[in-house]
Amino acid sequence: MELDLETHLAEAAASIEEAVDLDALSEVDTALLGKKSAVTTAKRGLGDLEPDQRREAGGRLNEARATIEGLVASRRTELDAADRVVRLEAERMDLTEADRGRRLGHRHVVTQTWDRLEDLFVGMGYTVAEGPEIEDEWHNFGALNFPLGHPARDMYDTLYVDYGEPQSTLLRTHTSPVQIRVMEAGEPPFYSIMPGRVFRSDTADATHMPVFHQLEALVVDRDITFGDLAGTLEAFTTAYFGEGFATRLRPSYFPFTEPSAEFDVQRPDGSWLELGGCGMVHPEVLRAGGLDPEEWSGFAFGFGLDRLALMRHGIDDLRELFRNDHRFLSQF
Amino acid sequence: MKVLLSWLQEFAPVDGDPADISDQLSALGLAVESMSVVGEGLDGIVVARVLELAPHPDADRIQLVQVDAGDGEALQICCGAFNMSVGDLVPLATLGTVMPDGMEIVRRKMRGEWSNGMLCSPTEIAMGDDHDGILLLDDSLDVGRPLADAMGLRSDVLFDLEVNPNRPDAMSVAGVARDLAACQGVPFALLSPDVAESGGDATDRLSVEILDPVLCGRFVARVLDGITIGPSPTWMANRLTSLGMRPINSVVDVSNYVMLELGQPSHTFDLDQVAGSAFRVRRAAPGEKLVTLDGVERTLTEADGVVADADDTAIGIAGVMGGASTEIHDGTSSVALEMAWWDPMSIATSARRLGLRSEASTRFEKGADPEVIDLAMRRFAELLGETGASLAPGTVDERGHTPARESIRVRTDRVNQILGTDLSRDRIAELLGSIEFAPEQVGDDLDVVIPSFRPDSATEIDVIEEVARIHGYGSIERTTPRSTITGSLTQRQLDRRTVRTTMIGMGLDEVMPVPFLAPGDLARAGLQVDGITVTNPLVAEESVMRASLRPGMLATLAYNASHRMTGLGIFEVGHVYRQPDQPQPLPDEREHLAVALAGSDAADAVGVWSALADALAARDYTLVADDPAGLHPTRTARIEMAGVVVGDVGEVDPGVLAAFDVPERVAWLEVDLETLLGLPHGDRPYASVSRYPSSDIDLAFEVDDDVPAAEVEQRLRGAAGELLVDLALFDVFRGEPVGEGRRSLAFTLRFQADDRTLTDSEVSRAREACIGAVEGNLPASLRA
């Protein structure tokens, strides 16, 4: 039977259009293009025709088949899109329900400040040195040029511990003993910072704690000068606080440095803040560290690390750092 | 140390805006703690006499004071101070007065009683630190006169300086003036007191013997006759008040005045009361007793120095306080004036031991000037001369040991090398000369004689500091040395950061409890160790150094729980301190990590540990069930790596939690980082990833409860052979159909070869081996 292609194509187009979902389209697809479809059957009947006729009829059949395939494909695209909308709508989620405040922990503000300072000084070419918190009298005082009974010891209210000879072992009052340990352990040049925990016999109040943290820097090299100290402090201040913070040095007294100075930082509003102490490493301290002060010179500076943490976050009470209240800790 | 600008100007023509002078003093190392203008803003304040004192009917802390403000009428003032008596002269701020702090005095009712002005304390009119009581004025002032006029007050600037311990010279007005003059480049000159001498020669009237030349470096005595004890002149009293000393009487005030002005303390003895008119300076005998000026009997030791009389009876404690027996009084006519130089260490020890530190002892402790005594003697006589006293000729001057003042070689090159300056020898000499360091040129360098008032300066570096100070720290060019090494953190420091980062990533907050514990805290935490004790703690609660982080962590949880913050996960990285097993110079101090998870169980703590082990690439550990004291006896394991214990993981013992008032279950991990990070960890050799397919098998065993899963795992690993690339426990099940006292442990194992696809029979052989190893060695059976 001769297939009326025009009618067949019209009927095919209608049935494809009528397929309401992908399953129905699949059935229509089979009916129109499958092994038992009119087009396939007609194609099989071509063998009976003359070659010329066969070519011509075959061409028309292929054309019709391609047309039908095109219609099916385009309907499939339509149905796919509709189906995707339905499927994904069914997956709809309220993400505000999902936000249950999953959290990381919080690094203590002192640690944050400590790490920041370490990174800054490492960038300036320094290493980080450490020492014991329970120190011997020699490293904490003697090697740092505090003779016994020297009035400067008045400035350091020391907590001693029951270990060894009486008054031989103490809770270090500053990070400066690490200077000696650095000199004992290696060969100059030294460019080191020494952050750490220190102790004083102080009653806790808004600005004092019996335990607090300092950061000390020691540079020992050939021809290090007081000008180098002042320049380094300025470089550090700019790196830590930013541009617009001037520094100044005022004469002061520490047994382990000479000349000694306090260093102040000027805030952009013009007010000065006392930041720490500094100076050229005293020749006796270099000797205590096994170095010849005629060959090597150096500077040291130190400041309270907690203070920087307080300043950064506008905290007005040092005790908060050690109270460990969750409402405090989780803010940083 | 406080100084008045007008007083400084008596030594040098220093001048300028007070704020500039303040900056100059700070730049000299005499930090200005505060600066105030005094003698201004006193308009409206008059001298008034107290006529009557009566209690306020409705207030305990206020009294009603009737005063005469000059018109003879009684004027009622409500006053909160109670230190005055009827007849006293007091400053009255009359109505309308604007006080120096800006407050205006108005008529007002205080608890129903009218107050017609305000009586002033020294602080309120910038005349001293005392704010507890009303300033009591000299009786000789005219009632009704403006206060400033009556007292001869003039506008002045008061600087309160923080003097460093190495600068005893700056504990005097003259010393501050010397520095400031050098800074301003104006001449400085000490005083030349004008004193006429009369009467019997002192050398015939008293004698001095120094028996301990270390204790006493110099002892000078002179005699003053015609003493009358009365009030000091107003100008002197005003200055003393401004500098924070209360005027007492003419003799005491002159002594204080000279000490403030020149830095030299003095002592006066009633010459008639000194047995034999002799002064013998020696160490006290142990147990020797003396009644001091304050009427207290003191028992002395060899640490104290004394001045004794001809009978060898102590009549004063050297440099600390005089004795009552020779105190001057209204009937005193002649005094022996003593000025001495005492050994700083001796005075420091004695004053501290006796609890009698004073302005005088402080100056001796820090090192007085042995050579200023002659001038100070004459200055004393000059000032006391205003009250009619006269200085007798003759001086008894005995010397012991004072520090040697040798000249110091100061190398020009060294100065510039230390400071980074380019100062010439002559410029250095000029700078030093301005503060009386006497330089003499020696080739390119200087030999510098240190002045006697600078005991702190004794070496070249000390002098270099003076050069820098007078040159100006701010004038030194700033340079930044380029570090000649590479900046870096050590592996240990990097690992510590990894530890913290891991804890943060696990959602834990870092805490920082103080490392001090109360006695018993360690025992309360179940720890049987003795902490290192503090020998001089401020409070008993802070007398033991922690031997474990546990007490501090539990106290932190308890604190937060008491503030309704529960379920916290916290960690700390910090030092613990212990008695070492073997004698060593310092205690065993090591860094620990502690983790406490409130409201969680041991499994969570194990999870934190395994995450940490993963982060540090420290995977070869084993958990061994253990019951260390203070931890949960059935939910704790010790962590072993390479056969070494590195920590404990599990839960805190409920009894310990109760003792710390922690209301929740607490999962616990404490790791000795010193040990852990000392063991091999971190980078491992690369193992290539196989490109051949892998085969997975699951094996579930019923195992007796007392067999650790780790033991099953160990058997599986042993039997699976080299082809095993992964093994995990993925399910634990208890209950039917698994028998009582057992649980099902389900493992998944992945096998893979680097060079081929595994055959079914290879996998099957491995599976059989695994089953055999577990069933054959453990009370376990494969589940169907």
Side-chain angles (χ1 to χ4, degrees), chain A residues 103-108 110-111 118 121-128 132-134 136 149 151-152 154 159-163 169 189 191 201 203 210-211 219 221 223-228 230-232 234-235 248-253 258-259 261 280 282-283 297 321-322 324-326 329-330, chain B residues 26-29 31 164-166 345 348 365-366 417-420 461-462 464-465 468-469 473-474 476-481 483-485 487-489 493 500 503-515 532-536 538 542 545 556 559-560 565 568 575 577 585-587 589:
Chain A
R103 54 190 286 280
L104 290 180
H106 297 87
R107 207 176 292 263
H108 197 278
V110 168
T111 306
E118 276 184 355
F121 280 104
V122 166
M124 287 169 70
Y126 289 61
T127 58
V128 180
E133 293 171 1
I134 298 185
D136 57 57
D154 289 357
L159 292 167
Y160 288 88
V161 297
D162 185 10
Y163 191 86
T169 314
Y191 291 78
S201 181
T203 304
V211 181
V219 167
D221 206 339
D223 297 321
I224 294 294
T225 70
F226 191 85
D228 291 336
T232 300
E234 185 175 279
R248 86 177 164 196
L249 301 183
R250 287 181 290 113
S252 188
Y253 172 72
E258 190 158 23
M280 298 300 291
H282 197 284
S297 60
L321 297 182
F322 303 91
N324 301 304
D325 188 307
H326 178 69
L329 299 171
S330 56
Chain B
S26 288
L28 285 161
N164 288 314
N166 66 325
M345 273 290 289
E365 271 178 38
K366 295 185 189 303
Q417 187 216 332
I418 291 291
L419 300 181
I461 195 71
D462 297 330
I464 292 173
E465 180 173 62
R469 204 167 62 80
Y473 282 10
I476 296 171
E477 193 195 344
R478 295 180 176 191
T479 46
T480 311
S483 168
T484 53
I485 64 162
S488 61
L489 296 179
Q493 288 157 353
R500 282 200 169 100
M503 296 303 122
I504 301 299
M506 299 295 287
L508 310 180
D509 289 330
E510 185 179 13
V511 297
M512 211 167 264
V514 298
I532 306 278
T533 54
V534 178
T535 50
N536 57 334
L538 279 174
E542 298 181 350
M545 300 306 290
T556 297
Y559 165 86
N560 279 289
M565 287 171 289
L568 301 188
H575 289 209
Y577 322 88
L586 288 173
E589 178 175 334

Do [X] and [Y] have side chains that get closer than 4.5 Å, going by heavy atoms?
X	Y	result
A:L249	A:F226	yes
A:T225	A:S297	no
A:Y191	A:T232	no
A:L321	B:M512	no
B:L419	A:P259	yes
B:E465	B:N166	yes
B:S483	A:M124	no

Which atoms of [X] approach chain A - backbone, side chain, both or neither, heavy atom under 4.5 Å:
X	answer
B:I461	both
B:E477	backbone
B:I476	side chain
B:L508	backbone
B:D509	both
B:P481	both
B:M506	neither

query = Under 3.5 Å, is there a donor-acceptor pair between the B:T484 and A:D221 side chains?
reply =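 Distance-only check passes for B:T484 and A:D221.
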Would you mind checking which part of [X] comes under 4.5 Å of any heavy atom in chain B, side chain (CB onward), backbone (N, CA, C, O), both or neither?
X	answer
A:T169	side chain
A:L329	side chain
A:P283	side chain
A:I224	both
A:Y163	side chain

task = Would you give the length of the straight line joining atom CD1 of A:I134 to atom OH of B:Y577, rounded to the nearest 0.5 angstrom?
result =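 Separation between the atoms: 6.0 Å.
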Contact leader toward chain A among [options], where contacts are heavy-atom pairs under 4.5 Å:
options	value
B:M545, B:R469, B:Q493	B:Q493
B:A468, B:A31, B:A27, B:G474	B:A27
B:T556, B:I418, B:L28	B:I418
B:V514, B:I464, B:V511	B:V511

Just so I understand: if I count every heavy-atom pair under 4.5 Å between each of [options] and chain B, which residue has the most?
options	result
A:E133, A:R107, A:R103	A:E133
A:S252, A:P251, A:G105, A:G227	A:P251
A:R248, A:E234, A:M280	A:E234
A:G123, A:P210, A:A235	A:P210

inquiry  = Test side-chain contact (heavy atoms from CB on, under 4.5 Å) on B:V534 and B:E542; report intermediate values, then the result.
reply    = CA-CA 8 Å; B:V534 178; B:E542 298 181 350; over 6 Å; no
request  = Please identify each residue that fulfils salt bridge (charged side-chain N to carboxylate O under 4.0 Å, His left out) with A:D325, with sequence neighbours left out.
outcome  =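 Counting only residues at least two positions away or on another chain, A:D325 forms a salt bridge (charged side-chain N to carboxylate O under 4.0 Å, His left out) with A:R327.
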key: salt bridge (charged side-chain N to carboxylate O under 4.0 Å, His left out) against A:D228, all qualifying residues, sequence neighbours excluded   =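 Partners of A:D228 by the salt bridge (charged side-chain N to carboxylate O under 4.0 Å, His left out) criterion come out as none, since no residue qualifies.
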